Amino acid sequence: MVSTSPPLADALAAGPVVLDGGLSNQLEADGHDLGDALWSARLLAEEPEAVVRAHQAYYEAGAQVAITSSYQATFEGFARRGIGEERAAELLGRSVELAREAARRAAAGGVAGPLHVAASAGPYGAMLADGSEYRGRYGLSVDELERFHRPRLEALAAARPDVLALETVPDAEEARALLRAVRGLGVPAYLSYSVAGDRTRAGQPLAEAFAVAAGADEVIAVGVNCCAPDDADRAVPLAARVTGKPVVVYPNSGESWDAGARAWCGEAAFRADRVAAWAADGARLIGGCCRVGPDAITALAAGLGR
């Protein structure tokens, strides 16, 4: 049986913990078409076994934390497919259960634990599926954003993940809403911004954005994801200094997406030899995002002595 003890916060206090890589690229490598507004969340209902296999590949590669396939899973998005609230809540909970099943299989195959599960909650813009998740500034108030996020977070928390992953957040105002929405849920959270240079995607200075979470007791780590590795280099020490909390960091490969050609271009800049510097600067939850696969996570884990 997989143990979830010690709690993830205690594990972070003891040293770096390895996150997984991009779930979508692992699913695509397995032959699944994710060109859909629900992205990987579509497979929660249609091909759950594919999700288990993808998570298991990362655990076997050396990841100690798997991020669920619920990034783009929302009540509103499911409703557009004719899926009612009760079934949508079941699918959100299933995302956690599938990662737990992958952990059980990995442990049965000899992978050492504890193996943790982070329940992904993407930004409001991810539900819109129009690219606004990389801009923020949706024209909604903090109260309106909190009302959007709270029901989904409640459904995810009910499945008892080890942590709620408030990830790829483009805007400090949305971060404020998310931090209000996780209060009282009984599950810790980490907050991770998407950034460009030294600012959030919405344009706020990163120091100000990180400070939003400095006093939030529910938050066990703060940092960045879905950014260039160079941006991560700059953000990690800043997050540690501003918040005094462990830092979470999982950048993209460094390649860029050409929307016209519908293809990735450029060279990968995600290298395992960068992780030691991130750890030295305060990173404790370290992995990869888009285009970072199991082989890179194996190298990353080895670089951290895992």
Side-chain angles (χ1 to χ4, degrees), residues 8-23 25 58-59 61-67 116 118 163 165-170 175 189-201 204-214 219-256 264 266-306:
L8 184 55
D10 291 346
L12 297 181
V17 174
V18 181
L19 269 172
D20 61 5
L23 182 63
N25 50 269
Y58 279 115
Y59 282 132
Q64 298 163 282
V65 182
I67 303 174
H116 303 277
V163 66
L166 314 178
E167 59 174 350
T168 326
V169 179
Y190 73 70
L191 174 65
S192 183
Y193 287 100
S194 62
V195 302
D198 62 354
R199 293 179 175 268
T200 67
R201 292 282 185 166
Q204 298 113 341
L206 267 184
E208 295 178 11
F210 290 143
V212 169
V219 174
I220 61 172
V222 180
V224 295
N225 76 291
C226 205
C227 61
D230 286 348
D231 291 339
D233 291 344
R234 292 184 288 267
V236 169
L238 181 63
R241 185 168 66 251
V242 169
T243 69
K245 295 178 182 287
V247 177
V248 55
V249 56
Y250 50 116
N252 297 332
S253 68
E255 298 162 274
S256 58
W264 291 92
E267 296 185 2
F270 185 99
R271 300 187 312 275
D273 59 6
R274 305 180 88 132
V275 304
W278 294 340
D281 285 336
R284 291 295 176 268
L285 196 51
I286 307 173
C289 202
C290 300
R291 303 281 288 177
V292 177
D295 288 347
I297 295 304
T298 296
L300 184 157
L304 292 173
R306 295 294 183 263

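Everything numeric here is computed off the predicted structure, so don't read it as measured data.
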Is there a donor-acceptor contact under 3.5 Å from the side chain of [X] to the main chain of [Y]?
X: N252; Y: C290; value: yes
X: D231; Y: G197; value: yes
X: S253; Y: F270; value: no
X: R284; Y: V248; value: no
X: Y58; Y: G22; value: yes
X: Y250; Y: L19; value: no
X: R306; Y: P16; value: yes

request  = From the options V275, T298, L304, select the one residue that forms a side-chain contact (heavy atoms from CB on, under 4.5 Å) with V18.
outcome  = L304
Nearest 0.5 Å, please: how far is [atom2] in [Y] from [atom1] in [X]?
X: L238; Y: T243; atom1: CG; atom2: OG1; answer: 9.0 Å
X: Y193; Y: T168; atom1: OH; atom2: OG1; answer: 12.5 Å
X: I220; Y: L8; atom1: CD1; atom2: CG; answer: 4.5 Å

Which heavy atom in [X] sits nearest to a heavy atom in [Y], and how many Å separate them?
X: V242; Y: A214; value: O-CB, 4.1 Å
X: A239; Y: V222; value: CB-O, 3.9 Å
X: A283; Y: V249; value: CB-CG1, 3.7 Å
X: A189; Y: L166; value: CB-CD1, 4.0 Å
X: R291; Y: N25; value: N-OD1, 3.1 Å
X: S192; Y: N225; value: OG-OD1, 2.8 Å

Are the side chains of [X] and [Y] in touch, meaning some heavy atoms are under 4.5 Å apart?
X: C227; Y: S194; result: no
X: T200; Y: L206; result: yes
X: D230; Y: R274; result: yes
X: V65; Y: Y190; result: no
X: I286; Y: L300; result: yes

ask   = Is the closest basic N to carboxylate O distance between R234 and D281 below 4.0 Å?
value = no
